[in-house]
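Letters A, B, ... are given to chains in the order of the sequence lines, protein chains preceding strands, and every chain is numbered from 1.
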Amino acid sequence: MNLFQKTTALSVSAMLAASAPAMAQSIDEKVNEIFANSTGWFVSFIFSPFPGTTFPWIVAWLVVAATIFTIYFGLIQFRAFPHSISLVKGDYSDPNDAGEVSHFQALATALSGTVGLGNIAGVAVAVGIGGPGATFWMILAGLMGMASKFTECTLGVKYRNEYEDGTVSGGPMYYMTKGFEERGLPAGKILAVLFSIFCILGALGGGNMFQANQAHAQITNVVGDYPGWITGVVFAGIVFAVIVGGLQSIAKVTEKIVPIMGVLYVLTALVILLLNFDKIGWAFGQIFEGAFTGLGVAGGFVGALIQGFKRAAFSNEAGVGSAAIAHSAVRTKEPITEGFVSLLEPFIDTVVICTMTALVIIITGQLVSDPATGNYLLNEAGTAIQTIDGNSGVALTSAAFSASFGWFKYILAIAVILFAFSTMISWSYYGLKAWTFLFGEGKTKELVFKLIFCLFVIIGAAASLGPVIDFSDAAIFAMAVVNIVALYFLMPVVKRELNSYMSRLKSGEIKKFV
Amino acid sequence: MSEKILVGFDASDSAKRALDFAVAEAKAHDSELVVAHVLEWSPYSFLTPQELEERHKRRGEELERAEAAMITPVLTKLKDSGLKVSTALKYGHIADTLNKIAEEQGASQIFIGRTGHSGLSTRLFGSVAGSLAQTASVAVTIVP
């Protein structure tokens with residue numbers, strides 16, 4: 001960063017710093033009110049349950065889609081799993097393409113956008129409310145979600161834009177326009193515009209404010225309470241340096257640390273499981289029994305199922321369309337190969353990482369059960385299971401890990417902050433792609449979005465804007481509504497690609513390079 | 001049949017000495033020369049979404065720059081030497097890729113400069129010359 005950029009960054013941060021505290025206090029309630037009034041209908045529409053049940057239709061929408069894709073592509077997530085691993089290892093990559101984006105790189109970047117709070121806090125919520133049984137449904141939803149990812153990421157690569165200067169742009173808005181046109185379907189453009197709007201809102205909300213907010217909560221957990229705008233300004237300054245100042249080195253460092261943190265997280269979980277290996281059988285027993293009986297949780301086994309499905313969908317974003325943007329930059333002649341690679345994403349995110357969190361919470365005995373009946377005891381409100389220290393969310397995960405290793409809460413705090421940061425960087429990019437799709441490319445237009453994005457970091461960290469965060473969650477799921485409609489119309493395209501590729505793979509036309 | 005000699009070249013002083021040495025050897029034994037430059041690259045490194053998008057463009061720019069800075073000056077310098085010179089410009093792990101180029105081109109020797117680092121990083125990660133000496137399938141001459 002040169003001096004000019006540095007001073008600009010500083011002055012912008014200072015400006016924002018001066019206005020943030022006043023804004024946080026005085027405008028806070030007003031923003032809440034305006035937002036709640038104007039967007040409440042949208043939030044309740046997206047998260048509304050089926051009549052007479054507590055099952056939100058949006059969760060069913062995602063799970064039904066995942067099931068349809070699983071059947072339509074003949075259990076592709078299991079059939080192609082070994083081939084996916086070979087692709088990521090680079091067995092099928094032409095050595096002459098070295099220096100281009102590899103399958104591994106596209107997968108790693110997409111993963112750093114999805115692995116985050118959902119894996120740590122979301123799972124704790126699922127197990128805390130739905131009991132161990134929620135884990136079963138979460139894993140199932142993760143396995144099914146692999147087929148959704150496969151479909152959207154194949155299309156993302158197939159219909160991406162490749163520009164003359166060699167850069168690429170891809171994602172649902174491109175397959176909605178180009179794919180629909182190719183198949184002679186109407187309304188592709190309308191879907192693309194709708195998707196882009198929701199994507200921008202989702203990027204500012206779930207991909208930004210929610211992350212900043214939770215990162216601040218986690219920091220105060222460790223160092224004690226202090227005003228959120230301070231965290232916000234620091235975060236915004238770093239995000240500004242990366243996305244406006246072009247200081248990719250910061251992002252690069254994060255992109256390197258995040259996988260290390262992810263691996264460390266899983267390894268620690270494994271060590272805790274090994275230390276308690278005598279209880280592993282019991283834990284799986286609880287998971288299976290709870291999945292079908294609920295073991296006394298609110299809403300019985302349906303309660304466990306909803307929680308598991310919901311948190312899996314929140315965590316791996318399968319069907320949302322965000323991953324299709326990240327995956328589309330890979331260098332390959334066969335779009336379907338990126339589909340194969342992307343199906344590993346929900347597997348790593350949900351089936352591996354989320355399950356680890358759940359197992360540690362169960363095995364370390366955080367949930368209180370009645371020794372006489374074996375059923376879990378509910379808290380006073382009857383909404384969630386009693387935990388030994390009354391924890392929920394991130395605090396529950398933190399307590400579970402700290403039960404074995406006291407120092408782990410510090411590692412976890414760092415992990416949460418880094419995950420939040422890398423998720424923000426990823427979503428700033430997704431939002432920008434949607435923004436440029438709507439408004440066209442150009443330095444000024446892009447700068448406007450980037451500045452808005454930085455501002456929302458501060459707002460997110462400074463204020464507890466419940467309705468705003470609800471709305472941004474709703475926006476992310478609204479992306480899924482539009483995206484999955486498009487996937488239904490375009491899945492025959494993926495099927496054709498799949499059949500052609502598989503036959504060439506079988507005939508030996510597509511060969512390994514090593 | 002004339003032999004081929006591969007020179008790993010990165011425009012450093014030791015690489016220049018390696019090139020000079022290789023040229024003398026090639027002249028003495030009437031061998032062909034292959035001048036190779038490898039751009040350090042791992043397919044397992046991590047990139048941001050922005051970098052993914054621009055990777056193909058950057059790669060082109062990097063290759064162009066390397067061609068201009070590493071390959072063209074050598075070719076100009078050796079134009080009047082009377083030697084048969086070919087070039088290779090690739091991405092990858094430097095030692096592995098040099099070895100691969102040697103195999104592909106059928107080179108019987110590799111000449112490489114010893115890079116000046118002697119500190120901690122070499123101890124931790126090894127040096128290109130060191131790992132090439134350990135892994136190459138043909139004779140390696142390391143020029144200080």
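When A:Arg160, A:Glu162, A:His103, A:Lys433 are compared by the number of non-hydrogen pairs under 4.5 Å with chain B, A:Lys433 comes out ahead. Between chain B and the residues A:Ser422, A:Gly99, A:Ser93, the most heavy-atom pairs under 4.5 angstrom are made by A:Gly99. Ranked by heavy-atom pairs under 4.5 Å with chain B, the list A:Ser102, A:Pro95, A:Ser112 is led by A:Ser102. Residue with the most contacts toward chain B among A:Gly170, A:Ser328, A:Pro259: A:Pro259 (heavy-atom pairs, distance under 4.5 Å). Looking only at heavy-atom pairs under 4.5 Å with chain A, the residue among B:Lys90, B:Glu62, B:His56, B:Glu54 that has the most is B:His56.
Counting heavy-atom neighbours within 6.0 Å of B:Lys84 NZ, excluding the residue itself, gives a total of 12 or less. Counting heavy-atom neighbours within 6.0 Å of A:Lys178 NZ, excluding the residue itself, gives a total above 12.
B:Leu52 and A:Ala106 get closest at one heavy-atom pair: CD1-CA, 4.1 Å. Minimum heavy-atom separation, B:Lys57 to A:Asp165: CG-O, 3.1 Å. When every heavy atom of B:Glu53 is checked against every heavy atom of A:Ala329, the shortest pair comes out as N-CB, 4.0 Å. Scanning all heavy atoms of the two residues, the minimum distance from B:Arg55 to A:Glu100 falls at CG-C, 4.0 Å.
Neither the backbone nor the side chain of A:Val330 comes within less than 4.5 Å of any heavy atom in chain B. Looking at B:Thr97, neither its backbone nor its side chain comes within 4.5 Å of chain A, counting heavy atoms on both sides. Residue B:Leu39 does not touch chain A at all, counting heavy-atom pairs closer than 4.5 Å.
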